[in-house]
Amino acid sequence: MSGKKENSMLEIKGLCASVEGTTILRGIDLDVKAGEVHAIMGPNGSGKSTLANVLAGREDYSVDAGTVQYNGIDLLELSADERACEGIFLAFQYPVSIPGISNAYFLRTALNAVRRYRDESEVDPVDFLELVRSKMDLVGMDEKLLHRAVNDGFSGGEKKRNEILQMAVLDPKLAILDETDSGLDIDALRIVAEGVNALRKEERSIVVVTHYQRLLDYIVPDHVHVLSDGKIARSGDKSLALELEKEGYSWLQADDAKAGNNA
Amino acid sequence: MVAKTWTEQVHTSSLKFDDQGAGLKRRREHALEQFMSDGFPSRKHEEWRYTPLSRLAEGPCSPLLEPSEGIPESSDLPIEMMAKVVLLNGEFRQDLSDLSALPPAVRIQSLNQMRRTDPDQLASLLDQFLPQTSHPFHHLSDALLDDGVHIEVVEEGAKIESPIHILHIIDGQAHSGSAHVTGLIQVATGAHLDVIEEIRSTGEVLGNLRWGIGLDPQATLKRVRAFRPECASIFHGTRVVQQQGSRFDDLFSSSGGELIRNELHVIHEGTGCHCELLGAYVGRGKEHLDHHTTIDHKVEDCTSREVYRGVLSDRARGVFSGMIHVHQDAQRTDAKQSNDTILLSDTAEANTRPRLEIYADDVKCTHGATIGELDENAIFYLRSRGVSVDEARKIMVRAFTSEVFVQMEDRQLSDFIVNEIQESIQAVEVDHG
């Protein structure tokens, strides 16, 4: 491995977070280096989505302890939009529909906001359309979805493809995919995964949050972490995901029970 | 007493007009008599419960404005126009208007000229399209009737391709006061006309604008109204009579008036009519935006669709009162109405009152009203894509209001009105909390 690759993109230490007074994350440590793909797995309620949303800056969650360094800056000091402009992208588990705003307008507004932040000139409509068309091919998206309202009346598969399209257009450094596989049939899953794989590159890190192993058949991770009760219970390589597929998450409860007895 | 001064001034001004025909004379006398006895209604009056008129009645506005001496700048619209009609302080100004490209299928005349040359015809048109009712602003416009415009598509089946631009300029820079304009629009059988009406104003003024519209069988009229009158008070009333198979589309947007009262009364007299009343309003400061609509479904097989949406910040107040009256003979009526409001501050206020009166048994009528806040989930979605919180909120306001017009087939007109709204949103403080 090159020396550059050893640099941490994202370094989480002792992260604790709560929502409306209920603690969800209880001390997360995670180190993601540039170019790596990390999978975060775990049973429902283990805190996977909370972790994804805290990293993206959703204000419903409060960070109670811990630090998050992102490319050497204190991520927790930044607002959600500043994080996006710094290159963090969250693919939503439930993409939001916005009637009255076209997908094209949404994408162009986002791209220009990011470009302005980076002191780059705004993209003109013709260049923009060319860029979007090339990226739409990547996720096999129909161009007419560009002129429809954002996610309004989109099928589950179309919504998730739209997320990956946004990722492709915004070109983030760190992409967090929150349950991108949920609600997808196997064909849609493959198309979305292929889109993500096409976006893998050395300077980009990807954190894949998923309940099921099947997405990882397509997006093969470098590291797998299992989240349980707000903590990382185990970390390993891609074989850990296969192990989970076979055994389910029940061993976590067994471990927890043992830990409880020992305490 | 200041309020008395208003009625006295109306009295004095009204008596100065020398009407040629008996019909016009009768209308003026009747209206004056009514206004002298009723004046402006108080808040106890059901129809005016939410409309604060005391400031107007006691304020510095006089009933009439002097003709403006300066020639105000009037920018052109980004749409090709068939003709431009400029009404400056209520006066039809031929010198500022442009009727040179008007085809023979369309006639445009000043009401002032008609009062002199054709008073009996004018009186009968007014009696037909603007019958006298007990309404304070109607009393005023009839008592002070001086000028206005009569637009008529005379040729059956004529499709007038480009819109007619009607621009009201109310110039109160030198003196505050009121401008009263009466307009008439008639569209012949099977003909089509587009109209764009704009209001610009300076100073503390009252614009009292009133339209009577008649659509012959199969005629269609599309009207866009874009009001950004700064600090003026605007009363705008429209009465539309639709004959068989005709269609009336009204696209309305307003912002920035101290008090805007928009009244629409659509009467379906012939079968198979359709009307589409679409409105979006953005209020800030202490603005008051008031919408009163009545649709009279008098005969069978008519349809109507009404969507009004408002966004209110600061201490702005929005009122929507929508009456759908389905008469006994109006079987198979299909009427839809909705009014949705978003409040951007704790001190903004919305009053919404959908009203249905149904006397036929085979009808479909739906109505709904909501009052809410911006979707925080959607705002986070935008922010997570790099859009600042202020811009995200403005985008959501734009999404909410422009959605009213998305189903419009005429992209040119709907884009125009969406841009109008967009410009007013830029001025709105959408800060949260």
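Numbers restart at 1 for each chain; the letters A, B, ... are given by sequence-line order, proteins then strands. All values below were derived from every heavy atom in this structure, side-chain atoms included, with hydrogens, water molecules and symmetry-related copies excluded. It should be emphasised that the depicted structure is a prediction, and the values quoted were computed from it without experimental measurement.
The only member of B:Lys336, B:His291, B:Gln337 that meets side chain to side chain donor-acceptor pair (under 3.5 Å) when paired with B:Glu306 is B:Gln337.
A donor-acceptor contact shorter than 3.5 Å links the side chain of A:Tyr70 to the backbone of A:Glu86.
Looking at A:Leu170, the atoms closer than 4.5 Å to chain B (heavy atoms on both sides) all sit in the side chain, from C-beta outward. Of the atoms belonging to A:Leu111, not a single heavy atom falls under 4.5 Å from chain B. For chain B, no part of A:Asn112 is nearby; none of its heavy atoms comes within less than 4.5 Å. Proximity to chain B (any heavy atom under 4.5 Å) is shown, for A:Arg58, by both the backbone and the side chain. Proximity to chain A involves both the backbone and the side chain of B:Ser388, based on heavy atoms less than 4.5 angstrom apart. Contact annotation for A:Tyr105: only side-chain heavy atoms (C-beta onward) come within less than 4.5 Å of a heavy atom of chain B.
If you tally non-hydrogen atom pairs under 4.5 Å between each of B:Ala392, B:Ser402, B:Ala399 and chain A, the highest count goes to B:Ala399. When the candidates A:Pro99, A:Ala110, A:Pro172, A:Gly57 are compared by the number of heavy-atom contacts under 4.5 Å with chain B, A:Pro99 comes out ahead. Considering only heavy-atom pairs separated by less than 4.5 Å from chain B, the leading option among A:Pro95, A:Ala80, A:Gly100, A:Ala113 is A:Gly100. When the candidates A:Thr109, A:Asp60, A:Val114 are compared by the number of heavy-atom contacts under 4.5 Å with chain B, A:Thr109 comes out ahead.
A salt bridge links B:Asp250 with B:Arg225: the closest approach of a Lys/Arg side-chain nitrogen to an acidic carboxylate oxygen falls below 4.0 angstrom. Note on B:Arg228 versus B:Glu420: salt bridge recorded, some NZ/NE/NH1/NH2 to OD/OE distance being below 4.0 Å. For B:Asp249 and B:Lys222, the salt-bridge test fails: no basic side-chain N is under 4.0 Å from an acidic carboxylate O. A salt bridge links B:Glu403 and B:Arg309; the closest N-O separation between the charged side-chain nitrogens and carboxylate oxygens is under 4.0 Å. Checked for salt-bridge contact, A:Arg108 and A:Glu122 miss the test: no charged N lies under 4.0 Å from a carboxylate O.
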